[in-house]
Number of protein chains: 2
Amino acid sequence: MAARATRQQIVDAADDLFYTRGFAATSFADIAAAVSISRGNFYYHFKTKDEILDAVIEKRLADRERLLARWNETATDPARRIECFIRIVIANQTKIMAHGCPVGTLVTELTKLGHASTDNANRIMTLFRDWLTRQFEDLGCGTAALENALHVLSWSQGVATVAQAIGDDAFVRREVDRILQWLEAVRQNATRPH
Amino acid sequence: MAARATRQQIVDAADDLFYTRGFAATSFADIAAAVSISRGNFYYHFKTKDEILDAVIEKRLADRERLLARWNETATDPARRIECFIRIVIANQTKIMAHGCPVGTLVTELTKLGHASTDNANRIMTLFRDWLTRQFEDLGCGTAALENALHVLSWSQGVATVAQAIGDDAFVRREVDRILQWLEAVRQNATRPH
DNA sequence: AAGCTATTAGGACAATCATCCTAATAGACG
DNA sequence: CGTCTATTAGGATGATTGTCCTAATAGCTT
């Protein structure tokens with residue numbers, strides 16, 4: 001098999017396992033078993049566990065960048081783009097209720113481990129923050145753009161954590177409705193005065 | 001030394017280490033070293049790591065129950081009580097920015113580990129949920145009480161996660177102002193119609 | 001077909017972990 | 001003072017971990 005393909009399989013499996021079980025709780029053997037290759041083969045592609053982690057982070061980052069680029073194309077209105085972000089908690093509801101937010105839980109875990117790749121993982125969080133900030137700027141929020149971006153980001157993390165902990169189906173939908181109402185109010189306030 | 005005192009020291013040290021480093025990343029040796037006792041002595045008090053975890057959960061639960069009982073006494077207005085809950089993210093801001101929310105991060109970790117004590121840890125989360133629900137009921141929110149309680153709980157988890165990840169000082173204060181404004185609006189809407 | 005390189009397999013290694021056991025000690029009580 | 005029990009110390013153990021090494025294989029080039 002081509003090395004590229006095997007490497008890709010490893011990263012995909014690690015991505016999934018790091019999400020569902022956590023980084024520290026996932027062993028070399030776990031990933032190798034998921035891809036059905038030997039640990040020796042594994043070592044050929046990745047020398048250390050941290051290398052796999054960095055590869056997974058890069059993959060997640062690239063995935064999210066693609067997602068944001070798609071939203072930039074499909075939705076012309078910045079409010080609609082923010083709505084796309086908000087609705088991912090519904091689209092991924094099942095997974096979120098089982099394992100939380102892939103971004104937030106990884107950053108939290110790495111921070112507690114004092115892991116060197118914490119800042120690296122945080123790039124995904126700041127990617128969303130910066131993209132959201134840009135959308136609120138385009139909406140005409142001015143200096144409040146960053147504040148509003150962090151508000152939405154914080155909202156998503158809270159919903160993910162509580163959804164995972166308490167597992168209330170209706171809760172997620174209600175929270176989405178709430179934040180969408182807030183977004184509409186922000187949109188009207190922002191576009192009116194200018 | 002009295003067995004009670006040693007046991008208490010172990011639980012206190014484990015509580016701190018589970019919070020700052022995580023449950024899985026904390027070893028028997030780590031806790032024993034923090035208390036300056038031998039692993040053998042350790043085993044006399046706790047047979048398994050899960051026993052320590054359960055003891056830590058009980059301690060945290062008791063601590064929070066005491067905290068809520070104090071708020072019940074010091075604040076007569078339910079809105080003021082909810083405000084007490086909201087302000088803990090400021091009171092504990094330094095720790096939260098370093099290690100996140102003690103309750104949320106533990107539940108998240110245990111869920112990913114598939115640990116048997118996940119439900120047990122979740123009792124702390126539902127303790128807050130139920131207490132908040134009671135306050136919103138007393139505020140006159142009726143059927144919306146639970147919904148509002150989950151909203152505040154979700155808010156606190158989101159703030160903790162983003163504060164830990166991005167570490168913006170002003171962010172926490174702004175979010176507290178925001179949610180207090182929301183709380184005031186809820187209070188006025190709830191008390192007026194009835 | 002032959003040879004070379006990229007890829008894979010599988011075992012060895014030391015370190016760390018939770019757990020368990022036995023011996024030493026201390027503190028209370030007769 | 002002496003005995004008994006509660007408490008502590010510290011090492012042994014088997015399992016698991018990340019990491020590393022060497023040999024086998026497959027796929028491409030000539």
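Note on naming: letters A, B, ... go to the chains in the order of the sequence lines (proteins, then strands), and numbering restarts at 1 for each one.
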Specify the separation, in whole Å, of atom [atom1] of [X] and atom [atom2] of [N].
| X | N | atom1 | atom2 | result |
| --- | --- | --- | --- | --- |
| Lys49(B) | dT16(C) | NZ | P | 15 Å |
| Ile10(B) | dT8(D) | CD1 | C1' | 11 Å |
| Ile37(B) | dT25(C) | CD1 | P | 18 Å |
| Ile31(A) | dG18(D) | CD1 | P | 8 Å |
| Gln8(B) | dT7(D) | CD | C1' | 17 Å |

DNA chain D: Gly40(B) or Asp30(A), which has the more 5' nearest nucleotide?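 Its nucleotide being nearer the 5' end, the pick is Gly40(B).
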Below 4.0 angstrom from OP1 or OP2 of [N], is there any side-chain N or O of [X]?
| X | N | value |
| --- | --- | --- |
| Ser27(A) | dT17(D) | yes |
| His45(A) | dA6(C) | no |
| Tyr44(A) | dT8(C) | no |
| Asn41(B) | dA9(D) | yes |
| Tyr43(A) | dT19(D) | no |
| Thr6(B) | dT8(D) | yes |

Decide whether a cation-pi geometry holds between Lys49(B) and Phe23(B); the criteria are a distance under 6.0 Å from NZ or CZ to the six-membered ring centre and an angle within 45° of the ring axis.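 The answer is yes; both the distance and angle limits are met.
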What is the nucleic acid contact for Thr26(A), judged by heavy atoms within less than 4.0 Å: base, sugar-phosphate only, or nothing?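 If one applies the 4.0 Å heavy-atom cut-off, Thr26(A) turns out to touch the sugar-phosphate alone, with no base involved.
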Thinking salt bridges, do [X] and [Y] make one under a 4.0 Å N-O criterion?
| X | Y | result |
| --- | --- | --- |
| Asp138(A) | Arg134(A) | yes |
| Arg178(A) | Glu175(A) | yes |
| Arg60(B) | Asp63(B) | no |
| Arg123(A) | Glu58(A) | yes |

Residue Ser38(A), side-chain atoms from C-beta onward, closest of dA18(C), dG10(D), dA9(C):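 Side chain of Ser38(A) sits closest to dA9(C).
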